[in-house]
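The structure is given below, and queries will be raised subsequently.
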2 protein chains.
Amino acid sequence: MAEKDMRERIKEVAVEHFNINGYHGTTIRNIAKDVDCSLPMIYYYYHNKKDLFDEIIKKEFFELLKRQVSLLRTDNIIELYTKFVNDLNFLSDYDKKVYRLGIKVYLSFDGDEELMEIMDEWEKTILPRHYQILKSHLKNVDNDIAVIRTLIHLLETLIESIVVKNRYLPEEEIREEISIVLRGCE
Amino acid sequence: MAEKDMRERIKEVAVEHFNINGYHGTTIRNIAKDVDCSLPMIYYYYHNKKDLFDEIIKKEFFELLKRQVSLLRTDNIIELYTKFVNDLNFLSDYDKKVYRLGIKVYLSFDGDEELMEIMDEWEKTILPRHYQILKSHLKNVDNDIAVIRTLIHLLETLIESIVVKNRYLPEEEIREEISIVLRGCE
DNA sequence: ATAGTATTGTAACGAACGTTAGATAGAGAG
DNA sequence: CTCTCTATCTAACGTTCGTTACAATACTAT
């Protein structure tokens, strides 16, 4: 009965430790201590340290991203992006840490080559996806691709502020900044 | 005679290692191996591992920032910021790695509490500094503070692209994006 | 109740870590 | 030539790391 619990608890604590100390700074012993279990328990549920780290990125992080994207409903385009960013303010602590860890790997500040390649693949999908969302609203804008690129760059910093630096970004400020970039569209 | 050389060589190699493997992933032994000197040499010039890391951030990184800022001459405001970002493309490999390491600490992905506080202090100076540069150009803009905030956020991602992700950003793209945010000013 | 499987624990392995004690080599001064 | 001081080395210390062999317990099905 405790299987699922224990496995999840280990992962939760691991997310915390990897976040604070990075991959190399995190020790299996410290994770076990915080989970309040013996050291080999972690090897019972995860093949090794790297396996534990990989599961957090490959499964938890990308599932979180998908969940986040699926919430998008297109009415007003500025409200769409404002909501997208603002929702991050209210992510659970666990999700925020998973997100933060994902960004850390995305910036190749942690993880290995294999995870970096996965991130690169994912990054390539970003521009086309936003182009799909925005193209109909940018008919009368000449440099539409540049606007989309700028928006993506802005979103990246806003996300980092909330998730990485752990700041609270007021919805009104988010809306202001997105409006400045998308000013004159639709 | 070789004193200055050896000390600098150790620091250069250390920057490389801290960049790739992070603080905890970097070992004094591997640094010594790449410098091609014995292990205690590093302790001859630096008090310990943390002292070596601290010198890179406290001295090298902040001196690089100051050097970068001092190059700014205000003629056209869009050209000013375009040049500021574009110059990063042509930073030496060493400076780029120092910059990258600084950003890593800035995002609290590495380093300790003490270095984080230094970064926080520095971050507080960013908005006022840009306000000083931009205020005269934003007389006829209503939400001037929001524009400055947006610009700072955009700059942050552009810098990260070049320095952290090690991409080359064409000058024209940089100018385009900055123009979109500063559109309508002056 | 018991056999068998799933879960957890104790204790240890070898390797690698940060750091230091102490020896050695080389150059300049007298 | 010898003394001194700086720069460098060899060798080791104690600690902690990831990982595993193996014993003990708890649960489940018969």
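Quick note: numbers below take in every heavy atom, side chains included, and nothing from hydrogens, waters or symmetry partners. In what follows, chains are A, B, ... by sequence order, proteins preceding strands, each numbered from 1.
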Under a 3.5 Å cutoff, is there a donor and acceptor pairing between the side chains of B:Arg129 and B:Thr125?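 Judged by distance alone, the side chains do pair up.
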
Heavy atoms from C-beta onward define the side chain here; which of C:dT20, C:dT8, D:dG18 lies closest to that of A:Tyr43?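 Of all the options, the side chain of A:Tyr43 is nearest to D:dG18.
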
So, OP1 or OP2 of D:dT8: does either fall under 4.0 Å of a side-chain N or O from B:Tyr45?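 So the side chain of B:Tyr45 is within the cut-off, an N or O lying under 4.0 Å from OP1 or OP2 of D:dT8.
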
B:Asn48 side chain to B:Asp51 side chain, donor-acceptor N/O pair below 3.5 angstrom: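 There is no such pair between these side chains.
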
When you compare the side chains of B:Glu60 and B:Tyr94, does any donor N or O come within less than 3.5 Å of an acceptor on the partner?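 Yes, B:Tyr94 and B:Glu60 have a side-chain donor paired with an acceptor closer than 3.5 Å.
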
Roughly, in whole Å, what's the span from NE2 in A:His17 to P in D:dG18?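 One finds 12 Å between P of D:dG18 and NE2 of A:His17, rounded.
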
Are side-chain N/O atoms of A:His17 and A:Tyr23 paired as donor and acceptor at under 3.5 Å?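 No, because no side-chain N or O of A:His17 sits under 3.5 Å from a partner of the opposite role on A:Tyr23.
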
Rounded off to whole Å, could you give me the NZ-to-C1' distance for the B:Lys49 and C:dC17 pair?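 Distance check: B:Lys49 NZ to C:dC17 C1' gives 8 Å.
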
Between P on C:dG9 and CD1 on A:Ile10, what's the gap in Å once rounded to a whole number?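 The answer, rounded to whole Å, is 10 Å.
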
Using a 4.0 Å heavy-atom cut-off, does A:Thr27 contact any base of the nucleic acid, only the sugar-phosphate backbone, or nothing at all?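 Sugar-phosphate contact only.
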
Between D:dT8 (P) and B:Tyr44 (OH): distance, integer Å: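 It works out to 7 Å between those atoms.
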
Distance in angstrom units between A:Leu39 CG and D:dA21 P, rounded: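 Rounded to the whole Å, the gap is 15 Å.
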
Distance, rounded to the nearest Å, where A:Ile42 contributes CD1 and D:dC17 contributes P: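 Atom CD1 in A:Ile42 sits about 12 Å away from atom P in D:dC17.
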
May I have the distance from A:Arg29 (atom CZ) to D:dC17 (atom P), rounded to whole angstrom?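 To the nearest whole Å, that distance equals 6 Å.
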
From the set C:dT20, D:dT19, C:dT10, return the single nucleotide nearest to any side-chain atom of A:Asn48.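 Comparing C:dT20, D:dT19, C:dT10 against the side chain of A:Asn48, the answer is D:dT19.
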
Nearest-angstrom distance from the residue atom CG of A:Asp36 to C1' of C:dG9: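 Rounding to the nearest Å, CG of A:Asp36 and C1' of C:dG9 are 13 Å apart.
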
